[in-house]
Amino acid sequence: MTDSADASIPPASAAATPTAPREAVPSREPREDRYPFAAVEAKWRARWTERQTYATERTAHRGPKFYALEMFPYPSGDLHWGHVRNYTLGDVAARYQVMKGRHVLHPMGWDAFGLPAENAAIKNGFHPAEWTRRNIARMRDQFDRMAFTYDWSKEVNTASPDYYHWTQWVFLQLYKAGLAYKKNAPVNWCPSCQTALANEQVVAGLCERCDSAVTKKMMSQWFFRTTQYADRLLAGHETLDWPEGVLTMQRNWIGRSVGAELVFKVDGMDADIPVFTTRPDTLFGVTYMVLAPEHPLVERLIEGKRSAPKVREFVERMRRQTEIERTATDAPKEGVELEDCYAINPANGQAVPIWIANYALLEYGTGAVMAVPAHDTRDFEFARQYGLPILDVIQPPQDTSEDATGQGRRNVDAIAPLDEAYTGPGVMVNSGAFNGRPSEDGKSEITLWLQQRGLGKATVNTRLRDWLLSRQRYWGAPIPILYCDACGELPVPEDQLPVELPLDVAFTGKGESPLATSSSFGTTACPRCGGVARRDLDTMDTFVDSSWYFLRYPSARDASEPWNRDVMRHWLPVDQYIGGREHATMHLIYARFVTMALYDLGLVPFEEPFTRLFNQGIIYKDGRKLSKRDNVVPPDSTCDEYGVDTARCHVLFLAPPDESAEWSEKGIEGAWRFLNRVWRHVTQNLARYQADWANTLPAEPNEADRTVRRKVHQTMQRVTEDMERLHFNTSISALMELTNTLYAHGADCSSAVWSEAADRLTRLLAPFAPYLCEELWERLGHEREVYFAHWPAYDAALTVADEIEVVFQVSGKVRDRVKVPADTAPAELERLARANEKVNAALGDRPVMKAIVVPGKLVNLVAGK
RNA sequence: GGGCGAGUGGCGGAAUGGUAGACGCACCGGACUUAAAAUCCGUUGGGGGCGACCCCGUGAGGGUUCGAGUCCCUCCUUGCCUACCA
């Protein structure tokens, strides 16, 4: 407002039009001709509860099943517009399926374990369970207010013992199948959360939850063998109706690469160094060897050497580096040469020096790299830096044509040293018996050659790591494993599940599992020998909880088993899953992995849990993502002011559902006015409504009748098509257009036609504005909720206008628009175009070379020169 | 550096290769009102013309096509994801 104090505005006029402060609210105060949302919402909320409208059984025995699911929320206690958008999308889709006659399961639950509850406990002294319970109660109430059609009898809460009982059971099934194992490994460690993290939870070197810089730490931890399913996870993509972007992200994350494992021997020592490479064809170009700083062989190689302390210092320094320092784009390559250590190239017996360097990662491949600086950009950079030899073994194709765009090409005649590595294919040189071979063939030929001598084999590597699931935290499902001095590692017998979280723990935040502070939890009787067994003191990653929750909903209250097989067969897999893209490489990979593992164990009859996936866009506020941590814009005040239906319509109308959107209340007036127009028009014309309109439609419709009926049927068609694609923003505009048509022509049409329009409008709008439409539906004389009303079918013949506008073009440019009967034949259209005055003016004396006629649309006359 | 999206009026956004800007916001005008609010009706991409009308317009440049916002190539901007993966 300050910049309106412009010098060009005369002070006099400002004084002449004093802008009195306006009260914003009165326009929405209840009034005779306004939609009284507060009263309507109270009435129908009570009635839905009383009638159990949204119980799954109410849609049973209708048609085929439909499992509609949205990713369940973390119960942070604060519903924000991102939630509202996501769950409104799911709710509209579920309501549509009910109206289409499907047997619909639409459940909701809580991803209730996790750090915020524990941190709140440390901070405020609440027990996490209490904090969680309160938040759930609050959010459930908010969801009900939003008119979401959840069947609360199917509610799940991952932090409840009757749920995590089965999370532990799932763990044990995977354990028994050899898919869960414990190993000592360098793990991602968040110093702030004081816990290990899965690879997927480290984002740009930062903890996904708290943004602290992650470091590495050696720990004995539980893993799931996700890598064993890499190929299956990739192959399964073929069967999924998912957004291409998510599939691509998963493919990249899994990062399958085909290559070979080749064995280098250590000179003068009985030790092998296997390396993984995708370029066996460059083997003759190896000029040094690189080991990851944490490589287990390092200690053996430097033992007793004079330089050992220096190497150890380097390793220690690398280990202390945070992930972000180590992987930053501009992180300099650093390394040290191991004194008197040489690796023997299996191709030619040549001894090359062994280095350790920060760019070799223990977690990938074998943790060792055969360095070919001439043909690998990283090796090249490192060799340059440390003055290591660069040996050319692949000659680029000798194509001298100027416009060839071969990547990494350079002039082979150049005498100057290379200024970059050549990474493309070519002809092998300096490669002994392989000289002259195409490098692409050389890959398999070298691999085979080494394989015959026991020094190599073809292999496939993935970037995907096994899933680290141990967490040194309290608020999670305890890992159901025991350690007995006599019997070793043992699973907790299934009849002793759940292993319940103890209540007497101290939240020290000291990096030790809080479960260790419990007086009762730590030990129990060994199920095998009866001696003392120690419990595993870690809890599971909360992604384990959410990797199977969709299997639990249909059997949510079943105390005897995780899921009933028949119930499972009826409902699963999920027909439509809605959630954010941010889960592409986390939850959606974990859930697929667990489902596949359970399938292999014969526990579920399908391999893929989510048939169709829809990613809703993110809502931003001031360019920042709305999140559970900050930047919360609560929907409550908007609902207080405009009502829930307006809030639902506005958030859907804001932007296409799969695009991100900047949060804005600008424009909410549009949704509010729209719903009021519907309310006013229907309620003020109720006396005209004829319940039997279908039998009294006029035999000779007047102009208004035809216009209104056409619009009604066109709207049914458009909204139905949009519903299938979840393009709800355009559904709403179509309904606005219908309403505008009723305002313009509703008064002039017959009662039967108006009645059809009122009936159709109420049904089509019901999924978006359920409170308003229930009330209108009742006033139209219906006993049963509009929720159960069937979705209307349109008559295609009625969507076509009698008279249509056709465009005449000359060489693609519009020259005239004329109204013609809809059934005008193409030949007649062409004749009209050729006779058209404006067309002829544009043609001048040029001849018509060609005529394109698109019936119902246009005629394009192509002019000659 | 790599991958995937997105660039259309003052704004949010519509457009199976076929009339660019649906629908809404905002603005402006009219009706109603003592006045306002609310409501109802209408105008609004840019430029030119008294006018019927004409020209230009979907990030930039090429291409395919009778016809391109839409398909192809190059580039620019921007968002998200990912990042030494051997």
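Chain A is the first sequence line, chain B the second, and so forth, proteins listed ahead of strands; every chain is numbered from 1.
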All side chain to side chain donor-acceptor pair (under 3.5 Å) counterparts of Thr227(A), not counting sequence neighbours: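 Thr227(A) satisfies side chain to side chain donor-acceptor pair (under 3.5 Å) with Asp466(A) once adjacent residues are dropped.
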
Side chain to side chain donor-acceptor pair (under 3.5 Å) partners for Asp748(A), two or more places apart: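 Side chain to side chain donor-acceptor pair (under 3.5 Å) check on Asp748(A) returns nothing, list empty.
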
Using a heavy-atom cut-off of 4.0 Å across all strands, would you classify [X] as base, sugar-phosphate, or nothing?
X         : answer
Ser257(A) : sugar-phosphate
Asn860(A) : base
Arg680(A) : sugar-phosphate
Phe674(A) : nothing
Leu654(A) : sugar-phosphate

Between the side chains of [X] and [Y], does any donor sit under 3.5 Å from an acceptor?
X         : Y         : result
Asn740(A) : Arg677(A) : yes
Glu669(A) : Tyr642(A) : yes
Thr638(A) : Glu665(A) : yes

Rounded interatomic separation in angstrom, taking CG from Leu283(A) and C1' from A86(B): 13 Å

Nucleotides 19-27 of chain B: protein proximity per nucleotide (B base, S sugar-phosphate only, - neither; heavy atom, under 4.0 Å): B--BBSSS-

Side chain of Ala360(A) (C-beta onward), nearest among A15(B), C80(B), A86(B):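 So the nucleotide nearest the side chain must be A86(B).
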
Shortest side-chain distance from Pro656(A), nucleotide among U82(B), G13(B), A86(B): G13(B)

Dot-bracket line, read 5' to 3' along RNA chain B, where crossing pairs take [ ] and | marks a partner on another strand, Watson-Crick or G-U under 3.5 Å: (((((((..(((.....[....)))(.((((.......)))).)((((....))))..(((((..]....))))))))))))....

Along RNA chain B (nearest heavy atom to each residue), the more 5'-positioned of Val862(A) and Asn461(A):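 It is Val862(A), whose closest nucleotide lies nearer the 5' terminus.
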
Pairing residues for Asp272(A) by the side chain to side chain contact (heavy atoms under 4.5 Å, CB included) criterion, not counting sequence neighbours: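 Expected list: Val263(A), Lys265(A).
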
Syn-anti status, with the boundary at 90° from 0, for the nucleotide G9(B): syn

Parallel, tilted or perpendicular, as decided by the 30° and 60° cut-offs, for the rings of Phe382(A) and Tyr386(A): tilted

Parallel, tilted or perpendicular, as decided by the 30° and 60° cut-offs, for the rings of His375(A) and Tyr422(A):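 Because their plane-to-plane angle is over 60°, the rings of Tyr422(A) and His375(A) count as perpendicular.
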
Please write out the pairs of protein N or O atoms and N or O atoms of nucleotides 53-55 of chain B separated by less than 3.5 Å, giving the distance to one decimal.
{"unit_1": "C55(B)", "atom_1": "OP1", "unit_2": "Arg815(A)", "atom_2": "NH1", "d": "3.2"}

Result of checking Asp281(A), Thr282(A), Thr277(A) against Arg279(A) for side-chain hydrogen bond (donor to acceptor under 3.5 Å, both in side chains): Asp281(A)

Pi-cation contact, Tyr359(A) with Lys333(A) (under 6.0 Å, within 45°): yes

SB check Glu721(A) Arg725(A) (cutoff 4.0 Å): no

